[in-house]
Structures are given as structure tokens and as C-alpha cells.
Amino acid sequence: VRRRLPWLLLAIVLLGSALKDGDLVPETPMRNKRNPLNVYFVKVAWAWTFWLLLPFIAVTTYQFAESKFLYGPTKSILTVLRRLSALLVGTAVWYVCTGLFMYIENLTGTCSTSGKLSEPRRLYATKQECHQNNGIWNGFDISGHCFLLSYCALMIVEEVAVLEGLSIDQNSKLRVVINGLFVSLCFLAMIWVFMFLCTAVYFHDFSQKLLGVLIGLSAWYGTYRFWYLKPFSPGLPLPSIPLSSKKYSYSR
């Protein structure tokens with residue numbers, strides 16, 4: 001899944017856009033932006049991803065270090081904090097990219113209102129001002145959904161890879177906790193991919209969706225496939241497995 005998901009996301013954008021442009025998509029509740037999955041999950045996608053990954057990374061990293069006798073308790077805690085900094089990196093990526101998307105949309109947009117012809121035409125600086133006056137803002141709207149959903153899904157599948165090298169007692173309560181978090185994260189990743197599909201077939205122009213997913217893929221590649229391989233970084237989820245092993249073959 002980790003190796004093929006980036007290609008799957010690109011394929012979804014291409015095929016979904018073709019279906020949308022060909023008007024071959026059936027009417028479903030997912031066309032409505034107010035559907036429950038969009039309102040309660042996608043609108044706060046990073047929060048869901050952050051708060052489920054936080055305990056998972058903390059518990060699995062500490063357990064991995066302890067089970068392999070890599071470090072003492074103090075060093076293990078520092079390793080956990082180092083790995084948790086990946087969530088701070090993700091938060092920075094989310095904040096900067098969404099802010100950039102809004103800036104580009106405001107910079108390239110104009111407002112269309114239904115005012116009377118006798119009224120003086122007013123210029124609006126931002127999309128928010130336009131909407132406050134019941135206008136329609138027409139700008140280049142890079143798909144924030146395609147960016148964030150692709151980035152969150154890829155981040156989840158990277159982080160759960162730690163289970164490949166984790167050994168826990170079958171009867172341990174910790175195993176129940178980790179398995180519960182793992183199932184929750186997998187379920188969340190499936191929601192992100194499904195909503196990514198809905199975005200591809202119902203919303204945005206092709207160029208807006210393609211640019212959004214390319215930025216998401218670039219953020220993932222720049223961190224997990226490049227920066228996190230370096231010494232001064234949050235590091236990868238499997239710190240003690242050599243990069244030449246099959247489990248790290250995707251990073252070669």
C-alpha cells in the first residue's frame with residue numbers, strides 16, 4: 001500500500017476528472033458539500049490525523065526502543081519526542097500550504113455580485129469580503145482537499161509501518177491499545193482516500209486537483225523519502241532497521 005498509494009491517488013485524479021468532464025458521474029449525496037463525512041471529517045482532516053497519530057507514534061516508538069534494548073528510558077523518551085516532531089512538521093506543512101492556497105485564490109480572483117446596475121461597482125480584496133456581500137468569488141482555487149487528504153493518507157501509511165518491526169506480548173494490554181489505534185488509523189486512511197475520490201469526481205477543475213495532489217505528494221516525498229533519512233530530522237518510523245532491508249526498500 002505504501003508503494004502504490006501515490007500512484008493510486010494520481011490515477012484517481014485523472015480518471016475522476018475525466019468522468020466529471022464527461023458528465024458521467026451519477027447524482028449522490030456526496031455531491032453535496034454538507035454531507036456528514038465532509039463536515040465532520042474532511043473539514044478537520046488534519047485534527048483527526050494528528051490526534052490519532054500522536055498516541056500511536058508515542059506508544060509504538062517507545063515500545064520499539066524498549067523491546068530492542070536500543071536505549072535507556074531517558075533516551076527512549078527523547079526518541080519518542082523526536083518522532084513526535086513529525087506531527088509538528090505536518091502541522092507546518094498544512095498551515096503554510098493552506099495559507100498559500102488562500103493567498104493565490106485571493107490574488108487571482110474577482111467577485112461577481114447581483115447588485116443593481118445603478119449601484120457603483122465595488123472592488124473586493126478577498127473571497128471572504130465577497131461572500132459577506134452574497135457574491136461569488138472566481139479565482140484559481142487549488143484543491144485543498146486533494147492536497148490535505150493525499151498528505152494525511154500517505155503520512156498514516158508511513159507511520160503504521162512501524163508494526164513491521166514491533167514485537168509485543170500477545171496477552172499484553174498494550175497490544176490491545178496499539179491494535180485499536182492501528183485499526184482506527186487504517187479506517188481513517190480509507191475515509192481520506194474515499195473522500196479524495198469524491199473530490200476528484202465532483203469538485204474543482206482538473207488543473208486545480210492535479211496541482212493540489214502534486215503538492216501533497218511533494219510534501220510527503222520531501223519529508224519521508226528525503227529529509228527524514230537525514231540525521232537531523234524527526235526520523236523514520238523504523239529507526240533500527242537498516243535502509244538496505246526490504247522494509248526500507250522504498251527509501252533507496
Side-chain angles (χ1 to χ4, degrees), residues 1-53 56 86-87 89-102 104-105 140-161 181-225 250:
V1 172
R2 185 169 62 231
R3 293 175 180 176
R4 290 174 172 79
L5 184 56
W7 300 107
L8 174 63
L9 294 172
L10 286 172
I12 288 174
V13 166
L14 294 173
L15 295 176
S17 298
L19 291 173
K20 179 178 181 293
D21 294 341
D23 199 22
L24 301 174
V25 184
E27 287 286 344
T28 69
M30 305 311 296
R31 184 184 287 272
N32 186 350
K33 293 182 178 181
R34 302 300 301 173
N35 69 77
L37 282 178
N38 194 52
V39 173
Y40 298 110
F41 282 89
V42 178
K43 292 294 185 182
V44 285
W46 179 245
W48 278 105
T49 305
F50 183 98
W51 290 113
L52 277 178
L53 280 178
F56 181 84
L87 294 177
V89 174
T91 301
V93 169
W94 161 73
Y95 183 82
V96 170
C97 289
T98 52
L100 178 63
F101 296 168
M102 292 176 61
I104 292 174
E105 187 177 10
F140 189 74
D141 182 16
I142 300 174
S143 178
H145 279 31
C146 285
F147 153 70
L148 188 57
L149 295 175
S150 61
Y151 182 61
C152 287
L154 288 166
M155 189 172 183
I156 288 172
V157 297
E158 292 286 356
E159 291 298 337
V160 298
L181 289 170
F182 171 73
V183 171
S184 299
L185 284 166
C186 289
F187 181 68
L188 190 65
M190 288 189 291
I191 291 177
W192 295 160
V193 173
F194 174 71
M195 293 306 295
F196 184 92
L197 171 64
C198 293
T199 301
V201 298
Y202 288 123
F203 305 105
H204 291 282
D205 295 335
F206 170 68
S207 60
Q208 297 169 350
K209 289 178 286 194
L210 181 62
L211 188 55
V213 71
L214 287 178
I215 293 173
L217 293 178
S218 298
W220 155 75
Y221 190 91
T223 50
Y224 285 90
R225 298 289 182 92
Y250 65 86

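Sequence positions, counted from 1, serve as the residue numbers for this chain.
Going from atom CG of L214 over to atom OG of S207 covers 11.0 Å, rounded to the nearest 0.5 Å. Note that CZ of F41 is 4.5 Å distant from CD1 of I191, once rounded to the nearest 0.5 Å. In this structure, L100 CG and I142 CD1 are separated by 6.0 Å, a value rounded to the nearest 0.5 Å. Atom NZ in K43 sits 7.0 Å away from atom NZ in K33 (nearest 0.5 Å).
In this structure the side chain of L148 never reaches within 4.5 angstrom of the side chain of T98, judged on heavy atoms. Side-chain contact between F196 and V213 is present, with heavy atoms from C-beta onward closer than 4.5 Å. With contacts defined as side-chain heavy-atom distances shorter than 4.5 Å, the pair V42/L37 does not qualify. Side-chain atoms of M155 and L87, non-hydrogen and from C-beta on, do get closer than 4.5 Å to each other. R225 is listed as a side-chain neighbour of E158, based on a closest heavy-atom distance under 4.5 Å.
Contact record, V25 with V201: CG2-O, 3.5 Å, taken as the closest heavy-atom pair. The two residues Y224 and A86 have their closest heavy-atom pair at OH-CB, 4.4 Å. Across all their heavy atoms, A45 and C152 have their closest contact at O-SG, 4.2 Å. For R2 against A161, the heavy-atom pair with the smallest separation is NH1-CB, 2.8 Å. Taking both residues in full, the closest heavy atoms of I156 and L185 are given as CG2-O, 3.7 Å, listed atom of the first, atom of the second, then distance. Across all non-hydrogen atoms, the minimal contact from P26 to R31 is O-NH2, 4.2 Å.
Scanning for side chain to side chain contact (heavy atoms under 4.5 Å, CB included) contacts around T91 gives W46, F50, W94, with sequence neighbours left out. Annotation: side-chain hydrogen bond (donor to acceptor under 3.5 Å, both in side chains) contacts of T28 (sequence neighbours excluded): Y202. Evaluation of the ring pair (Phe, Tyr, Trp, His ring centres under 6.0 Å) rule for Y151 yields no partner, not counting sequence neighbours. Listed by chain and residue number, W192 satisfy the side-chain hydrogen bond (donor to acceptor under 3.5 Å, both in side chains) test with T49 (two or more places apart in sequence, or in another chain). The ring pair (Phe, Tyr, Trp, His ring centres under 6.0 Å) check on F203 picks up nothing, with sequence neighbours excluded.
The 12-atom threshold is exceeded at CE of M30, counting heavy atoms of other residues, nucleotides or ligands nearer than 6.0 Å. Crowding of Y95 atom OH: a count of heavy atoms from other residues, nucleotides or ligands under 6.0 Å not exceeding 12.
Results of the side-chain contact (heavy atoms from CB on, under 4.5 Å) test with L211 over F140, F206, F101 single out F140 as the only residue that passes.
The backbone N or O of N35 lies less than 3.5 Å from no partner atom in the side chain of N38, so there is not a single donor-acceptor pair. For Q208 (side chain) and D205 (main-chain N/O), a donor-acceptor pair under 3.5 Å exists by modelled atom type. Looking only at distances, no side-chain donor or acceptor of H204 sits under 3.5 Å from a matching main-chain atom of T199.
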Donor-acceptor contacts, no H, no angles, side chain residues 7-19, under 3.5 Å, sequence neighbours left out:
unit_1 : atom_1 : unit_2 : atom_2 : d
S17    : OG     : V13    : O      : 2.7
S17    : OG     : K209   : NZ     : 3.1

Given the rule in the side-chain contact (heavy atoms from CB on, under 4.5 Å) test, do V193 and L149 qualify, once you have shown the distances and angles that lead to the verdict? CA-CA 7 Å; V193 173; L149 295 175; over 6 Å; no
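Residues F182 and F56 place their aromatic rings such that the two centres sit no closer than 6.0 Å.
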